[in-house]
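Reviewing the structure listed below.
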2 protein chains.
Amino acid sequence: MPGQTLADVLRARGLRLTAQRQLVLEAVLDLGHATPEQIHEKVTCTAAGVNITTIYRTLELLEGLGLVAHTHLGHGAPTYHGAGDRGHVHLVCHRCGKVDEVSPDIFTDVRRKLSDERGFLVDIGHVALFGMCAGCDEEES
Amino acid sequence: MPGQTLADVLRARGLRLTAQRQLVLEAVLDLGHATPEQIHEKVTCTAAGVNITTIYRTLELLEGLGLVAHTHLGHGAPTYHGAGDRGHVHLVCHRCGKVDEVSPDIFTDVRRKLSDERGFLVDIGHVALFGMCAGCDEEES
DNA sequence: GTGTGTGCAAACTATTTGCACGGTA
DNA sequence: TACCGTGCAAATAGTTTGCACACAC
């Protein structure tokens, strides 16, 4: 029950629970991967009149609260997803733009190597791999 | 001698060799990882008056010719590098913004797994991993 | 009632496009 | 000479900021 959690987290910091904040969080969790604009669209379906500015401000807030996280999936459109989804790696197709997810388990070795050899701690929730998906690969030929 | 190559590649497609194109390519190769703006700055040192528009158009052209490639390294700033550098993975520090590189060899297993299990072909030249570098990790505590 | 959150408009950054001139081939 | 490439200005997309009103507490 995300609504509960949101209220709690907000209250704990002396922040206010508003319809917009609930809607934005709900939209993010619901859409899975979404740009601010897509979230705006979704929210607008339920509550017309919510400003895109509010979407940006709310996303920033929710990210600060640790409820959502964002990833850069190319060109420049950041996409947001629930922070509970931490631990999924994005596969982005260059050709069709489709975004898929895989378990971060396949990264275990890479993480260890980078940590040992470089002291670099990979943030799995923020990883995106670009390439070509199965469908587009077939068409390619 | 990239200049030679550039001339050849351009001629082969009936395109023209211009000072701007040479300068942009040189800047990209020289800077290693650079945003369009940084490239513009660099080019401007040598030849003032080159328009940022030209930088964008030239980068697009050079990328089409396979001479340079770009990667998204966060927030939305695309960075360009020589296509000959194909096969390096970027490590981007969330904290200090530093960009490091590692050999793509560490990705061999991941690539194979994704290819086998998902049919997804990872474009190594386009990979960026986010996280925290050794230096920032020490300061963090 | 008080102060935070929102909407609106404008500013800003990054990038793209249209058009006329200049330079390469 | 012919046409590509460039510079300039304006358009566009994405995001941020300032300010006044409204609503959660």
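Below, chain A is the first sequence line, B the second, and so on; all start at residue 1.
In this structure, B:Phe120 and A:Val102 have side chains that are not in contact, with every pair of non-hydrogen atoms separated by 4.5 Å or more. The shortest side-chain heavy-atom distance between A:Tyr80 and A:Val24 does not fall under the 4.5 Å cut-off. Counting heavy atoms from C-beta on, the side chains of A:Arg11 and A:Leu17 never come closer than 4.5 Å.
In this structure, the CD atom of B:Glu60 is 9 Å from the C1' atom of C:dT16, given to the nearest Å. For A:His40 and D:dT15, the NE2 to P distance is 13 Å, given to the nearest whole Å. For the pair A:Ile52 CD1 and D:dT17 C1', the computed distance is 15 Å after rounding to whole Å. Protein atom CD of B:Glu37 is 8 Å distant from nucleotide atom P of C:dT15, rounded to whole Å. Rounded to an integer number of Å, the gap from A:Arg57 CZ to C:dA9 P is 14 Å. Remark: P of D:dT16 and CD of A:Glu63 are 11 Å apart, rounded to the nearest angstrom. When rounded to the nearest whole Å, the span between CD1 of B:Ile55 and P of D:dG5 equals 16 Å. Between the CG atom of A:Leu10 and the C1' atom of D:dA24 there is a distance of 11 Å, given to the nearest Å.
Under 4.0 angstrom from either OP1 or OP2 of D:dT6 there lies at least one side-chain N or O belonging to B:Thr18. Between A:Tyr56 and D:dT15, a side-chain N or O to OP1/OP2 separation shorter than 4.0 Å is present. Using a 4.0 Å cut-off, some side-chain N or O of B:Gln20 falls inside it from OP1 or OP2 of D:dG7. Taking side-chain N and O atoms only, A:Asn51 has a distance below 4.0 Å to OP1 or OP2 of C:dC8.
Atom CD1 of residue A:Ile39 and atom CD1 of residue A:Ile55 lie 7.0 Å apart, to the nearest 0.5 angstrom.
Here A:Asp109 pairs with A:Arg112 under the salt bridge (charged side-chain N to carboxylate O under 4.0 Å, His left out) rule; sequence neighbours left out.
Comparing B:Pro36 and B:Leu15, the nucleotide of DNA chain C nearest to each residue sits closer to the 5' end for B:Pro36. Along DNA chain D, the nucleotide closest to B:Arg21 and the one closest to B:Thr53 are compared, and the more 5′ of them pairs with B:Arg21.
At the heavy-atom level, A:Gly49 lies under 4.0 Å from the strands shown only through sugar-phosphate atoms.
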